[in-house]
Amino acid sequence: MEDNDLPKVMFYGKYRVVTRFKNVENKEGEYRLVIDKVYPCGSRTNHTIRLNIFSSKKTLNITEIKGNITLLKPYDDDLTLDLNVSTWGSTGGWIPNHYILIRKKACSSLRNLYGNAWFTLLNAFNVSTDRCPIPLGTYITSGYDLTKFEDMNLPKLIFYGKYKLVGRIKNVENKEVGCIVAETNLIRPWETPI
C-alpha cells in the first residue's frame, strides 16, 4: 500500500450504517420438504386415536418416524381434520395461523392430501387396507423414511422457510381425539438441510 491509499483522518466510536438492498432472492418456488421433527401433542389421555410416533435420525441424511398408532375407534370420514400451520418469525418464535385447513371427512381428506405417500405410509405401518376407513387396532412401524412425504399432493410453489404443522383430529362433537406435530423446512431443490 502506498501512503496516498491510507486515510488521512480516522474517527473512533460506534456508527450505525443502514443499507437497503433490492430483493434479488426469490422467496417462493419449487422446493424440497425436509421434516425435522415429528412428535405427539401434549396430553393424549382421552384420545381414541393415539399417535405415539416420533422422528429418529437413521443416518446423517435419513430421518425416519418410528413408533405406533393405536386406533380405539376406526379412522373414518365421521372425523374432522384440523391443520394449523405456524411459520418461524424473523425474530424467533412460532407465529400461528399462517395457514389453516379444516376438512370434514378426515380419512378421505388425508388420503387426498398425502397422495402417493398415503400408500407407502400405510404399508410401513402394516395397515391391512389402503382405503377408508382404517380399522381399529395398533399399527407399528420400525421406520418410515420421511423423504417419502415429498410425494404428497402439495402446491408446487410455496414460500421457503421453517414451518410447524399441528394436526388435530376431531370427532362429531368437535372434541380432539388425536393430535400430532411436525416441524419442517421448505428449502430450494439444490440446497442441503442444516
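Worth knowing before you read on, the calculation uses all heavy atoms, side chains too, and leaves out hydrogens, waters and symmetry mates. None of the values given here were measured: they were computed from a predicted structure.
- Looking only at distances, a side-chain donor or acceptor of Ser109 sits under 3.5 Å from a matching main-chain atom of Lys104.
- Here Glu176 does not pair with Lys170 in a salt bridge; the nearest charged N to carboxylate O distance is not below 4.0 Å.
- Cluster membership check: Ile140 does not share its hydrophobic cluster with Leu146, using side-chain heavy-atom separations under 4.5 Å among Ile, Leu, Val, Met, Phe, Trp and Tyr.
- Looking only at atom types and distance, the side chain of Tyr144 has a donor-acceptor partner in the side chain of Thr120 under 3.5 Å away.
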What verdict does the side chain to side chain contact (heavy atoms under 4.5 Å, CB included) test give for Leu83 and Ile100, after you've listed the backbone C-alpha separation in whole Å, the side-chain angles of each residue and the deciding distance to 0.1 Å?
CA-CA 6 Å; Leu83 302 176; Ile100 298 171; over 6 Å; no

May I have the list of side-chain donor-acceptor pairs in residues 177-187 shorter than 3.5 Å, sequence neighbours left out?
from	atom 1	to	atom 2	distance (Å)
Glu183	OE2	Tyr39	OH	2.7
Thr184	OG1	Tyr163	O	3.4
Asn185	ND2	Asp36	OD2	2.6

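- Interatomic distance, CD1 of Ile169 versus CG of Leu51, reported as 5.5 Å (0.5 Å rounding).
- The NZ atom of Lys164 sits 11.5 Å away from the OG1 atom of Thr87 when rounded to the nearest 0.5 Å.
- No more than 12 heavy atoms of other residues, nucleotides or ligands sit less than 6.0 Å from atom CG of Leu60.
- Placement of Trp94 and Tyr160 in two distinct hydrophobic clusters is found when ILVMFWY residues are connected by side-chain heavy-atom separations under 4.5 Å, directly or transitively.
- Atom CZ of Arg168 sits about 10.5 Å away from atom CD1 of Ile102, to the nearest 0.5 Å.
- Atom CD1 of Ile53 and atom CD of Glu64 lie 13.0 Å apart (nearest 0.5 Å).
- Applying the 6.0 Å contact sphere to NZ of Lys105 captures no more than 12 heavy atoms from other residues, nucleotides or ligands.
- Between Pro96 and Ser86, the closest heavy-atom pair is CA-OG, 3.3 Å.
- Taking both residues in full, the closest heavy atoms of Val172 and Asp78 are given as CG1-O, 3.4 Å, listed atom of the first, atom of the second, then distance.
- Formation of a donor-acceptor pair under 3.5 Å by the Asn171 side chain with backbone atoms of Leu79 is not found in this model.
- A donor-acceptor contact under 3.5 angstrom links the side chains of Ser108 and Asp77, judged on distance only.
- For the pair Asp145 (side chain) and Lys148 (backbone), a donor-acceptor distance under 3.5 Å is absent.
- Checked by atom type and distance alone, the side chain of Ser55 pairs as donor or acceptor with a backbone atom of Val38 at under 3.5 Å.
- Closest heavy-atom contact between Asn52 and Pro40: CA-CG, 4.5 Å.
- Here the rule is side-chain contact (heavy atoms from CB on, under 4.5 Å) with Ile134, and of Val127, Leu110, Ile69 only Val127 fits it.
- The cluster map of Ile, Leu, Val, Met, Phe, Trp and Tyr, joined by side-chain heavy atoms under 4.5 Å apart, puts Ile65 and Val34 in different clusters.
- Hydrophobic cluster membership is shared by Phe159 and Ile35, with clusters built from Ile, Leu, Val, Met, Phe, Trp and Tyr side chains linked at under 4.5 angstrom.
- Within a 6.0 Å sphere centred on NZ of Lys57, other residues, nucleotides and ligands contribute more than 12 heavy atoms.
- A donor-acceptor pair under 3.5 Å links the side-chain atoms of Thr141 to the main chain of Ala124, judged by distance alone.
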Would Cys41 and Val166 satisfy side chain to side chain contact (heavy atoms under 4.5 Å, CB included), going step by step from the backbone distance to the final call?
CA-CA 8 Å; Cys41 298; Val166 178; 4.1 Å; yes

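- In this structure, NZ on Lys66 lies 6.5 Å from CZ on Phe54, to the nearest 0.5 angstrom.
- Between Asn68 and Phe125, the shortest heavy-atom contact is CA-CE2, 4.2 Å.
- Counting only heavy atoms from C-beta outward, the side chains of Phe119 and Arg111 approach each other to under 4.5 Å.
- Taken to the nearest 0.5 Å, the CG atom of Leu136 stands 7.0 Å off from the OH atom of Tyr139.
- Within the 4.5 Å cutoff, the side chain of Cys107 has heavy atoms near those of the Tyr75 side chain.
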